[in-house]
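The chains referred to below are lettered A, B, ... by the order of the sequence lines, with proteins before strands, and numbering in each begins at 1. Nothing here was measured: the structure is a model prediction, and the numbers come from that model. When reading the values below, keep in mind they use all heavy atoms of this one structure, side chains included, and skip hydrogens, waters and symmetry mates.
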Number of protein chains: 2
Amino acid sequence: MSIQTRRERERAERERLIVTAARELAEAEGWDAVTTRRLAAEIEYSQPVLYSHFKGKDAIMAAVAVEGCAELAVELRTAREAASGARARLAAVGSAYTAFGRRRPALYDAMFTHAVDLPFATPEAPAPLQEAFGELVRAVEPVAADGDDVPLLTETFWASLHGLVTLMRSARLPEAGHARRLDLLIGHFTAGRV
Amino acid sequence: MSIQTRRERERAERERLIVTAARELAEAEGWDAVTTRRLAAEIEYSQPVLYSHFKGKDAIMAAVAVEGCAELAVELRTAREAASGARARLAAVGSAYTAFGRRRPALYDAMFTHAVDLPFATPEAPAPLQEAFGELVRAVEPVAADGDDVPLLTETFWASLHGLVTLMRSARLPEAGHARRLDLLIGHFTAGRV
DNA sequence: TCCTGATTCTAGCAACGCTAGACAACCTGT
DNA sequence: ACAGGTTGTCTAGCGTTGCTAGAATCAGGA
């Protein structure tokens with residue numbers, strides 16, 4: 001029995017090794033550099049070992065994405081708690097979100113851009129995803145008007161932030177005006193309130 | 001001389017053949033199905049011919065993207081002209097934009113998601129791109145407050161629409177609430193005006 | 001000590017984007 | 001009308017990708 005648990009523990013450790021190696025490699029050189037061969041070399045095992053842990057490369061990316069969501073949730077909460085006032089909190093969270101996307105582009109891509117079979121907008125979504133969204137909800141709720149559907153409003157706000165991040169990251173929007181664009185967005189989402 | 005022009009014309013025709021074949025294949029089966037071999041078979045030429053027209057697959061996607069922008073511009077203009085009143089026009093354009101993204105996902109990806117080396121936010125950007133953005137500007141301008149930087153506000157609005165489209169397309173947002181999310185967005189961008 | 005079962009590795013498949021060099025077709029000048 | 005040379009196209013193949021079948025190896029139990 002103890003042997004069994006030891007093996008399971010070692011397996012779990014190796015699985016974490018795979019996920020963190022994939023993440024570090026992606027952040028350092030982009031997801032294109034994360035090939036199964038390269039990843040296998042990084043963890044000092046052969047290629048097929050990866051497939052005994054994950055269904056494929058996409059599943060590894062999904063695992064990295066979940067990890068990233070946990071981190072994002074923490075950063076959003078920190079930003080929210082550091083600010084006071086409904087508008088300032090929304091601005092802080094929006095700023096933290098976009099900063100996260102710009103600071104960790106590869107991680108962000110795995111989370112929100114890459115096609116992935118993670119359940120998102122359902123109760124079966126992994127906890128870290130729900131926590132990250134929950135942080136957004138807590139920031140949006142105070143500026144919602146009476147009768148507003150808060151989750152829906154949060155989704156809209158989230159989409160706006162996501163658009164800013166992705167369009168800027170692909171150079172479709174110049175980095176220059178980012179702060180002012182964010183300001184405009186916050187301004188419109190808090191117009192008439194506070 | 002006439003021979004030369006005939007050859008150039010034939011070359012141009014073949015180039016259009018490549019672009020439309022790529023586009024149709026992508027729209028029918030997604031960009032993953034658009035391989036250089038498959039594309040070559042589709043146009044009934046051998047693979048290397050593609051490379052005498054385009055630098056690589058990405059360049060073909062970029063050409064498709066430019067074509068898509070021209071179409072988007074037309075659809076946005078049509079929507080804008082069909083509506084009356086500043087708010088209604090903004091709503092119509094927003095709706096047309098997201099409808100385009102949902103109706104032609106592959107085309108939309110090439111235009112706004114896929115990493116592409118098209119110059120975007122510069123004067124050197126291809127005309128169709130500038131026209132499409134110009135349509136958005138014309139829709140946003142009437143609802144801008146005095147002193148608002150209209151291009152910047154347009155970029156912000158665009159990003160919001162883009163976020164809605166991409167998050168919904170990857171199932172990170174449920175399709176269900178789309179109309180209401182769009183409504184909320186338009187509401188916030190026109191709050192206090194009109 | 002040997003057997004059995006799980007685990008890991010070697011080797012390879014099919015498909016990808018892209019390219020070098022052979023081949024064929026065409027225009028040009030006599 | 002015919003050789004010469006340029007232009008254009010194709011065949012074949014390189015290196016890499018994600019993924020997998022089957023051989024080999026290691027471990028635990030009798």
Rounded to whole angstrom units, what separation is found between the CD atom of A:E10 and the P atom of D:dG28?
10 Å
Under the 3.5 angstrom rule, does the side chain of A:R172 hit a backbone N or O of B:M111 as a donor-acceptor pair?
yes
Is the terminal nitrogen or CZ of B:R169 (NZ for Lys, CZ for Arg) located under 6.0 angstrom from the six-membered ring centre of B:Y108 and within 45° of that ring's axis?
no
Figure out the CG/P separation between B:L50 and D:dG8, and round it to whole Å.
16 Å
Just N and O in the side chain of B:R11: are any of them under 4.0 Å from OP1 or OP2 of D:dT7?
no
Would you mind reading off the distance between A:I43 atom CD1 and C:dT8 atom P, rounded to a whole angstrom?
10 Å
A:I186 backbone acceptor or donor facing A:T190 side chain under 3.5 Å
yes
Measure NE2/B:H53 against P/D:dT9 and give the value in whole Å, please.
7 Å
Give me the ring orientation class for B:H162 and A:H162: parallel if the planes are under 30° apart, tilted from 30 to 60°, perpendicular past 60°.
parallel
Relative to each other, are the rings of B:H188 and A:F189 parallel, tilted or perpendicular (30° and 60° limits)?
parallel
Using atom CE of A:M61 as one end and atom C1' of D:dT17 as the other, report the distance to the nearest whole Å.
15 Å
Would one find a side-chain N or O of A:R14 under 4.0 angstrom from OP1 or OP2 of C:dT7?
no
Check the angle between the aromatic planes of B:F112 and B:W158 and answer parallel, tilted or perpendicular using the 30° and 60° thresholds.
perpendicular
Just how far, in rounded Å, is C1' of D:dT9 from CG of B:L17?
16 Å
Tell me, for nucleotides 13-24 of chain C in 5' to 3' order, what letter each nucleotide earns: B for a base near a protein heavy atom under 4.0 Å, S for only sugar-phosphate near one, - for neither?
---BBBBB----
